Protein chains: 2
Amino acid sequence: MSEDAIFRNIPQFTVLRFARYLNFLVNLPDVVEEISSSEMAGIIGIKPTQLRQDFFTLGGFGRQGKKYNVRFLIQRLGEVLALQQPQDMVLAGVGHLGQAIANYQGFERFNLVLKGIFDVNPKMVGLSIRDIPVRDLDEMGSYIQQHKIRIGVICTPHHAAQNVCDQMVEAGVRAIWNFSPENVTVPEDVVVQNENLSVGIMNLSYRLNRELP
Amino acid sequence: MSEDAIFRNIPQFTVLRFARYLNFLVNLPDVVEEISSSEMAGIIGIKPTQLRQDFFTLGGFGRQGKKYNVRFLIQRLGEVLALQQPQDMVLAGVGHLGQAIANYQGFERFNLVLKGIFDVNPKMVGLSIRDIPVRDLDEMGSYIQQHKIRIGVICTPHHAAQNVCDQMVEAGVRAIWNFSPENVTVPEDVVVQNENLSVGIMNLSYRLNRELP
DNA sequence: TAGATTGTTAATCGATTAACAATC
DNA sequence: TAGATTGTTAATCGATTAACAATC
């Protein structure tokens, strides 16, 4: 069985939790060298058994009787989530949300690097965000091709989202991270992750009003 | 059976999809008066059967042989998600992400109204975002009590998140929407929704590199 | 050895899908 | 009536949990 084979068919909710585990682990103080399934699960808010079952999909991350080694865990989860090699991203739409994403420091720690920023607004074009120049949207396609970018972030308003998405895909992007409220559609060989902010707050409203005693 | 009773015990993934349905529906052009389960499911990217099963948890939203009425759907989903009455929010942390959330226009459409904005940085205090003054964090507790705010949004850096969360809960907040990478902990009678941005992009990285052909 | 801990299987629980009846 | 559509049950599928063996 190839290395790659064991990465296939991990349950989708397990992948999501892998990301949460990794995020938790990298934020741990350096002095913490090992951690048990129950400590970790407790803080994240799940059952220890679920965490161990998750790790079991990959053949187990530890040894019976011993806690998990934090550095090993971080390294292995990064491998599973394909974060070992740097991956470049472009971002379109420099509104408030686009600026916030472009300024977010957290991605580089996972080898995700924002390379190009694009907007249609001439007032924005020419400015820089963290030393990355904002370019005209017309240049996006050729930039993506030239730099072989595979990840595109959409922060445009609703009405522009599908068009920008199409341009990204046309130019070679294979993963779309969509922050607009629009449900963009893509070909089968492209993945989309919708990060619609309203969904989160509506879910919270339900839980606050309907689940709480 | 009381009106409220039928809102209890809706499967958690169904609630999340209710939010997605509602978001989709409010973005529809006004001329669209009715829509079928297969049209809607196709655009959202799920099976029509799942959508109908979701609606069935509430006793069904339509009638056999007829498409769904868009206005009725919007009204009913708003009811289920407890968005009928306006709900006030406070936000702490006016970094890039905090500013983006404070400027986001999309929430008001769901009756979610940002009332108070707070930060520790004296350079920020006194400024206004969309006519809402930024106040000193020290004033947050009494503001929450005075205005009986039940929803708190955390956009602070990692190290301040738990402290800010505690202050919010202490003052009476019952729902925390947390955008910091920290896993904040709350008492049992408070709900938290973590909106960690890194989790989304890590999941996308997995799907791009491990699931795509 | 005793206690703590993870690995692993099997049981349970919940979510999704298929099928078709009911209705327009 | 025929075709389109949703309502609803039952079957399937997948995710979570419990239990305990294995190991340190």
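Note that the structure is a prediction, hence the values are computed from the model and not measured. Throughout, a chain's letter reflects where its sequence line sits, starting with A, and its residues are numbered from 1. Worth knowing before you read on, the calculation uses all heavy atoms, side chains too, and leaves out hydrogens, waters and symmetry mates.
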Whether A/Y68 contacts C/dA4 is assessed here as follows: a side-chain N or O lying under 4.0 Å from the phosphate OP1 or OP2. Is that the case?
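Checking A/Y68 against C/dA4: no side-chain N or O falls below 4.0 Å of OP1 or OP2.
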Check whether any side-chain nitrogen or oxygen of A/S37 sits under 4.0 Å from OP1 or OP2 of C/dT6, and answer yes or no.
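Affirmative; the distance criterion is met.
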Go ahead and write out DNA chain D as dot-bracket, 5' to 3': ( ) for pairs within the strand, [ ] for ones crossing earlier pairs, | when the partner sits on another strand, dots for unpaired; Watson-Crick or G-U wobble, both distances under 3.5 Å.
..||||||||||||||||||||||
Could you walk me through whether A/R174 and B/N209 pass side-chain hydrogen bond (donor to acceptor under 3.5 Å, both in side chains), step by step?
CA-CA 10 Å; A/R174 285 293 163 268; B/N209 293 284; over 6 Å; no
Can you measure A/E34 atom CD to C/dT6 atom P for me and round it to whole angstrom units?
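Whole-Å distance recorded here is 10 Å.
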Find which nucleotide of DNA chain D each of B/F56 and B/E39 is nearest to by heavy atoms, and output the residue with the more 5' nucleotide.
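Comparing both residues, the 5'-ward one is B/E39.
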Protein-to-nucleotide contact annotation, 5' to 3' order, nucleotides 17-24 of chain C [B base; S sugar-phosphate only; - none; under 4.0 Å, heavy atom]
BBB--BBS
NZ/NE/NH1/NH2 to OD/OE distance under 4.0 Å, A/E34 and A/R71:
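Salt bridge between A/E34 and A/R71, a charged N being under 4.0 Å from a carboxylate O: no.
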Does CG in A/D189 sit with more than 12 non-hydrogen atoms of other residues, nucleotides or ligands closer than 6.0 Å?
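Atom CG in A/D189 is packed in, count exceeds 12.
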Establish, from distance only, whether the side-chain atoms of A/D166 and A/Q162 form a donor-acceptor pair under 3.5 Å.
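Per modelled atom types, A/D166 and A/Q162 side chains form a pair under 3.5 Å.
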Would you check if there is a donor-acceptor pair between the side chains of A/S36 and A/E39 at a distance under 3.5 Å?
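Yes, A/S36 and A/E39 have a side-chain donor paired with an acceptor closer than 3.5 Å.
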Identify whether any heavy atom of B/F61 sits under 4.0 Å from a base atom; if not, whether one sits that close to sugar-phosphate; answer base, sugar-phosphate or nothing.
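Answer is sugar-phosphate: B/F61 comes under 4.0 Å of backbone atoms only.
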Residue met sooner reading DNA chain C from 5', once A/F13 and A/G59 are mapped to nucleotides:
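Counting from the 5' end, the first nearest nucleotide belongs to A/G59.
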